[in-house]
Enquirer: 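The structure that follows is given in the form of structure tokens.
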Number of protein chains: 2
Amino acid sequence: MATTRDQGWLDAVVAGRDRLERSTTAERVADLLRAQILEGALAPGLRLSEEALGGALGVSRNTLREAFRLLVHERLLVHEYSRGVFVRVLTVDDVVDLYRARRLVECAALRYWPSAPEAATTAVRRAIAEAEAAAADDRWVDVGTANMRFHQAIGGLAGSDRIDAAVAGLLAELRLAFHVMGDPRTFHEPYVAGNRAILELLTAGEVEEAVRRMDRYLVEAEEQLVAGFAHLDTTR
Amino acid sequence: MATTRDQGWLDAVVAGRDRLERSTTAERVADLLRAQILEGALAPGLRLSEEALGGALGVSRNTLREAFRLLVHERLLVHEYSRGVFVRVLTVDDVVDLYRARRLVECAALRYWPSAPEAATTAVRRAIAEAEAAAADDRWVDVGTANMRFHQAIGGLAGSDRIDAAVAGLLAELRLAFHVMGDPRTFHEPYVAGNRAILELLTAGEVEEAVRRMDRYLVEAEEQLVAGFAHLDTTR
DNA sequence: CCCTAAGGATCGTTGAACAATCCTTCAATA
DNA sequence: TATTGAAGGATTGTTCAACGATCCTTAGGG
């Protein structure tokens, strides 16, 4: 048994135990594909041929299929029986559903602000500061990622790993739609000041007003995206 | 093109289109294993040997591994590199996190009651009625499943497929812990009347009071479960 | 122009194979 | 006695090849 004096040593070692976790090939392939999908390198609708992709990545079809299972479960790919897997194409209904879920989760998470630990509130402040810095430099793609981080940090106020994972999933799915929006500036710019406004409401103790503000921003973002979809339908 | 008169026919057919979706062997194996895990036939901590299970089910190791991927992603199984997959063993931290997530989602969903479509509110009423009927007949396992359905229906008030899926996932994970509670009666009985009370508050328009009540019930259930865990630790 | 049939391509699944890793056992050592 | 080390057998990680089933394309035929 470990003596009481050992505890300190052990805790320090255990704290970094995630750094020695090995990963399977399927997981690494999934990571690779996920990154490519989220940055738009793999366009929605594209079919991922098992043979072609397996050959290109140097992995077997079986391993690749395991990776596909993960990404299908994350809703980044869709699987059609005997037809293959495709990069997910979001519909307007999907966008509506995603924003409905986001409004529920993020607005509810905002109410945890007063009791949230400092690490969680700091993450919110930092994301806002990053967005403002990026906006000042005209780095609009970075503004977009900082904005994502802001909303992820809002979810983090709830202090639940599962809520964090859920928010991450919702944001990831939405990135499938963000790519159809052309200019990242017009989409993200209004929310740089908007997020700051929410933070100030929170620090002023006006949580319910912050919730209403967040709800409104999310409704606006949804409308903007839906409008973008409608534009696609009429243009093509 | 379909004429206007066709619409009725088509919608009716399309409504049942999910019944013709084929499924892969891996999905069916996952369904089978999921059911067994949720009803407690596969005890938490049990290792699922690829060779043994594959042989027993008559599927190849590769197919079985695809099924494992799905269930690991659902957090019903855990995967340890080069050691195999095991039925998830929930920790106290897991239970706390799960209830934190449930309180956030379900309490937020309750606020959608006034604007929820009738189908959604009816599902809530029906689940409560089922629980009451089962309790009257001393069918306490059925009370438990009706209670699950009640909470699923509460999540359904939000009208989002993704929220529904998230709630289903949280409830499924919790069933891993329910099995450590001995008697389903002592665990579920208090909530038969409690759920009815929430419904009455909702129909009376006292949504915020219903939210507080739900939050309290979930806190109590969490404490009961955590106490059960502590009892396990001291007993064994 | 639509329907049909043939052909090739791809998926779904299996089984075998081999290296890498883990677990158990047992002996050796301090 | 308790810990370390090595041998072995068992299990996982991954690949490959194969075959039937399903899909897609294309070329005729009506």
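Residue numbers begin at 1 in each chain, while the letters A, B, ... track the order of the sequences. Basis for what follows: all heavy atoms, side chains included, without hydrogens, waters or symmetry-related copies.
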Enquirer: Does a nitrogen or oxygen in the side chain of A/Thr25 sit under 4.0 Å from OP1 or OP2 of D/dT14?
Expert: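 So the side-chain polar atoms of A/Thr25 do come within 4.0 Å of the phosphate oxygens OP1 or OP2 of D/dT14, strictly under.
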
Enquirer: Under 4.0 Å from OP1 or OP2 of C/dG12: is there any side-chain N or O of A/His79 that close?
Expert: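 Affirmative; the distance criterion is met.
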
Enquirer: For B/Tyr81 and C/dC22, what is the distance between atoms OH and C1' respectively, to the nearest whole Å?
Expert: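 These atoms are roughly 12 Å apart.
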
Enquirer: Within this structure, what is the CG-to-C1' distance between A/Leu64 and D/dC16, rounded to whole angstrom?
Expert: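 Atom-to-atom, A/Leu64 to D/dC16, this comes out as 15 Å.
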
Enquirer: Is the side chain of A/Asp97 donor-acceptor paired with the backbone N or O of B/Asp161 at a distance under 3.5 Å, no angle test?
Expert: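 Checked: pair present.
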
Enquirer: For nucleotides 5-10 of chain C, give me one character per nucleotide, 5' to 3': B if any protein heavy atom sits under 4.0 Å from the base, S if the only such contacts are to the sugar-phosphate, - if neither.
Expert: -----S

Enquirer: C/dC11, OP1 or OP2 - any side-chain N/O from A/Arg61 closer than 4.0 Å?
Expert: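 No, outside the criterion.
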
Enquirer: Using a 4.0 Å heavy-atom cut-off across all strands, classify A/Gly54 as base, sugar-phosphate, or nothing.
Expert: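 Nothing: the residue A/Gly54, judged by heavy atoms under 4.0 Å, touches no strand.
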
Enquirer: Please examine the side chains of A/Leu70 and B/Val72, heavy atoms only from C-beta on, and report whether any two atoms are closer than 4.5 Å.
Expert: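 No, every pair of side-chain atoms sits at 4.5 Å or beyond.
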
Enquirer: Could you tell me how far apart B/Leu77 (CG) and D/dT12 (C1') are, to the nearest whole angstrom?
Expert: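 So the two atoms are 16 Å apart, to the nearest Å.
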
Enquirer: Show the atom names and distances, to 0.1 Å, of all donor-acceptor pairs under 3.5 Å that link a side chain in residues 34-46 of chain B to residues at least two apart or in another chain.
Expert:
unit_1	atom_1	unit_2	atom_2	d
B/Arg34	NE	B/Glu74	OE1	2.8
B/Arg34	NH1	B/Asp31	OD1	2.8
B/Arg34	NH2	B/Glu74	OE2	2.9

Enquirer: Which whole-number value in Å describes the distance from A/Asn62 CG to D/dT14 C1'?
Expert: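 Those two atoms, CG and C1', are 8 Å apart.
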
Enquirer: Starting from P on D/dT12, measure out to CD on B/Glu80 and report it in whole angstrom.
Expert: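 My rounded result for the distance is 12 Å.
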
Enquirer: Could you check B/Arg69 against A/His73 for side-chain hydrogen bond (donor to acceptor under 3.5 Å, both in side chains), going step by step and ending with a plain yes or no?
Expert: CA-CA 9 Å; B/Arg69 289 288 183 191; A/His73 208 278; over 6 Å; no

Enquirer: Is it the case that the side chain of B/Thr63 and the backbone of B/Val59 share a donor-acceptor pair, with hydrogens and angles ignored and the cut-off at 3.5 Å?
Expert: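 No, because the side chain of B/Thr63 does not come within donor-acceptor range (under 3.5 Å) of the backbone of B/Val59.
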
Enquirer: From CG of B/Leu48 over to P of D/dG13, roughly how many Å is that when rounded to an integer?
Expert: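 So the two atoms are 13 Å apart, to the nearest Å.
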
Enquirer: Could you work out, with ring-ring contact (aromatic ring centres under 6.0 Å, His included) as the rule, every residue matching A/Tyr99, not counting sequence neighbours?
Expert: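 Residues passing ring-ring contact (aromatic ring centres under 6.0 Å, His included) with A/Tyr99: none at all.
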
Enquirer: Could you verify whether a donor N or O on one side chain and an acceptor N or O on the other, from A/Thr91 and A/Asp94, lie under 3.5 Å apart?
Expert: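 The criterion, which ignores hydrogens and geometry beyond distance, is satisfied for A/Asp94 and A/Thr91.
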
Enquirer: Rounded to whole angstroms, how far apart are CZ on A/Arg22 and P on C/dT21?
Expert: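 Going from A/Arg22 (CZ) to C/dT21 (P), I get 7 Å.
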
Enquirer: Verify the contact: side-chain N or O of B/Thr63 to OP1 or OP2 of C/dT14, cut-off strictly under 4.0 Å; return yes or no.
Expert: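 The answer is yes; a side-chain N or O of B/Thr63 sits under 4.0 Å from OP1 or OP2.
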
Enquirer: Could you state the atom-to-atom distance from CZ of A/Arg65 to P of D/dC16 in whole Å?
Expert: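 My rounded result for the distance is 16 Å.
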
